[in-house]
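In what follows, a single structure is set out as structure tokens and then discussed.
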Amino acid sequence: MGRAKIEIKFIENTPNRQVTYCKRRSGIMKKANDLTILCDAQVCVIMFSNTGKLHVYVSPSNTLKKFFDRYQRETCTDIWEAELEALEEELKTQQEIGSRLKKEIRQRTGQDDLSEFSIEELGGLEKDLARCLKILRERKVNVMSSAMLS
């Protein structure tokens with residue numbers, strides 16, 4: 001007597017869904033292991049549960065990196081290309097910010113020639129300097145008063 005076929009649809013009941021996932025995950029991992037042993041197949045299974053848990057099966061004679069490398073060779077695709085482009089773009093943005101900040105530091109410390117600045121830019125630098133000087137004096141007064149109290 002055979003099993004009755006079940007309808008494949010989303011399981012609404014959360015505990016039942018988790019139990020089903022656990023059992024079926026175990027079954028898939030067992031089948032992957034069986035294929036590796038019986039047929040000498042190179043198998044890789046990667047699963048993420050709805051809670052974000054990672055479950056991986058990789059044939060014992062292989063590594064995940066080897067699988068990804070082989071996949072790239074076989075499909076003639078670069079799976080890291082988009083990620084690399086995004087990282088290069090982020091690096092370029094961060095380098096621009098860094099060079100802008102370095103230039104601003106050189107300007108504020110008087111290491112850069114200030115003759116290229118307009119009157120408005122020089123006025124802005126002067127205001128920034130006055131604000132920094134005010135903060136510095138306040139800190140100095142606080143340190144001196146706390147030292148006198150000690």
Side-chain angles (χ1 to χ4, degrees), residues 8-33 35-36 39-150:
I8 301 296
K9 64 176 184 170
F10 182 72
I11 301 170
E12 299 292 337
N13 186 313
T14 304
N16 288 353
R17 184 171 57 242
Q18 290 170 341
V19 168
T20 300
Y21 174 79
C22 184
K23 287 180 179 180
R24 289 189 174 234
R25 182 193 72 227
S26 302
I28 288 174
M29 296 298 185
K30 185 178 182 316
K31 292 286 184 187
N33 186 48
L35 271 172
T36 299
C39 306
D40 195 30
Q42 300 297 309
V43 180
C44 176
V45 178
I46 302 171
M47 286 187 285
F48 292 97
S49 69
N50 63 349
T51 60
K53 261 189 162 177
L54 170 67
H55 303 279
V56 179
Y57 173 83
V58 181
S59 296
S61 62
N62 236 326
T63 65
L64 206 50
K65 183 183 180 329
K66 286 181 184 175
F67 266 100
F68 284 127
D69 291 344
R70 184 172 178 186
Y71 175 82
Q72 287 185 129
R73 274 195 318 274
E74 299 290 332
T75 60
C76 297
T77 59
D78 188 357
I79 58 177
W80 303 111
E81 185 176 352
E83 185 68 23
L84 178 63
E85 288 174 8
L87 288 173
E88 286 174 343
E89 188 64 34
E90 177 67 20
L91 176 62
K92 183 179 174 185
T93 304
Q94 294 299 324
Q95 285 174 335
E96 288 171 2
I97 291 170
S99 63
R100 198 170 58 242
L101 289 172
K102 284 179 185 176
K103 182 178 180 183
E104 191 174 319
I105 289 169
R106 284 193 310 272
Q107 291 168 349
R108 289 178 185 216
T109 57
Q111 294 173 357
D112 265 1
D113 183 21
L114 300 178
S115 61
E116 64 186 46
F117 286 97
S118 68
I119 297 296
E120 293 82 17
E121 291 172 322
L122 287 172
L125 281 174
E126 186 179 16
K127 285 180 183 176
D128 286 347
L129 189 58
R131 185 178 47 80
C132 291
L133 193 55
K134 180 183 174 193
I135 291 170
L136 182 64
R137 284 184 179 138
E138 288 173 357
R139 286 186 185 160
K140 179 183 167 188
V141 168
N142 287 339
V143 169
M144 288 176 66
S145 63
S146 65
M148 292 178 117
L149 293 174
S150 300

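What you see is a predicted model, and the numbers here were worked out from it, not measured in a lab.
- Asn33 is not listed as a side-chain neighbour of Lys30, based on a closest heavy-atom distance of 4.5 Å or more.
- Side-chain atoms of Ser59 and Ser61 include no donor-acceptor pair closer than 3.5 Å.
- For the residue pair Phe67 and Gln42, the shortest heavy atom distance occurs at CZ-C, 3.5 Å.
- Distance check: Glu88 CD to Glu83 CD gives 11.0 Å after rounding to the nearest 0.5 Å.
- Interatomic distance, CD1 of Ile28 versus NE2 of His55, reported as 11.0 Å (0.5 Å rounding).
- The aromatic rings of Trp80 and Phe68 stand perpendicular to each other, their planes meeting at an angle above 60°, with 30° marking the opposite boundary.
- Using a 4.5 Å heavy-atom cutoff, the side chains of Arg73 and Asp69 are in contact.
- For Ser146 against Val143, the heavy-atom pair with the smallest separation is OG-O, 3.0 Å.
- Here Arg25 contributes atom CZ and Gln18 contributes atom CD; the two are 11.0 Å apart, rounded to the nearest 0.5 Å.
- Across all non-hydrogen atoms, the minimal contact from Phe48 to Tyr21 is C-OH, 3.9 Å.
- In this structure, Leu133 CG and Glu126 CD are separated by 11.5 Å, a value rounded to the nearest 0.5 Å.
- The two residues Arg17 and Ile11 come nearest to each other via the heavy atoms NH1-O, 2.6 Å.
- For Thr63 against Val58, the heavy-atom pair with the smallest separation is C-CG1, 3.9 Å.
- Between Lys134 and the choices Glu138, Arg131, Arg137, the side chain to side chain contact (heavy atoms under 4.5 Å, CB included) rule is met once, by Glu138.
- Rounded to the nearest 0.5 angstrom, Glu89 CD and Leu87 CG are separated by 11.0 Å.
- The two residues Gln72 and Ile79 have their closest heavy-atom pair at OE1-N, 2.9 Å.
- Applying the side chain to side chain donor-acceptor pair (under 3.5 Å) test to Arg106 and every residue at least two apart in sequence or in another chain returns Asp112.
- For Ile119, the CD1 atom sits in a loose shell: 12 or fewer heavy atoms of surrounding residues, nucleotides or ligands are nearer than 6.0 Å.
- Contact annotation: the side chain of Leu136 never approaches that of Lys140 to less than 4.5 Å [non-hydrogen atoms, C-beta and beyond].
- Looking at heavy atoms from C-beta onward, Leu84 lies out of side-chain contact with Asp78 at the 4.5 angstrom threshold.
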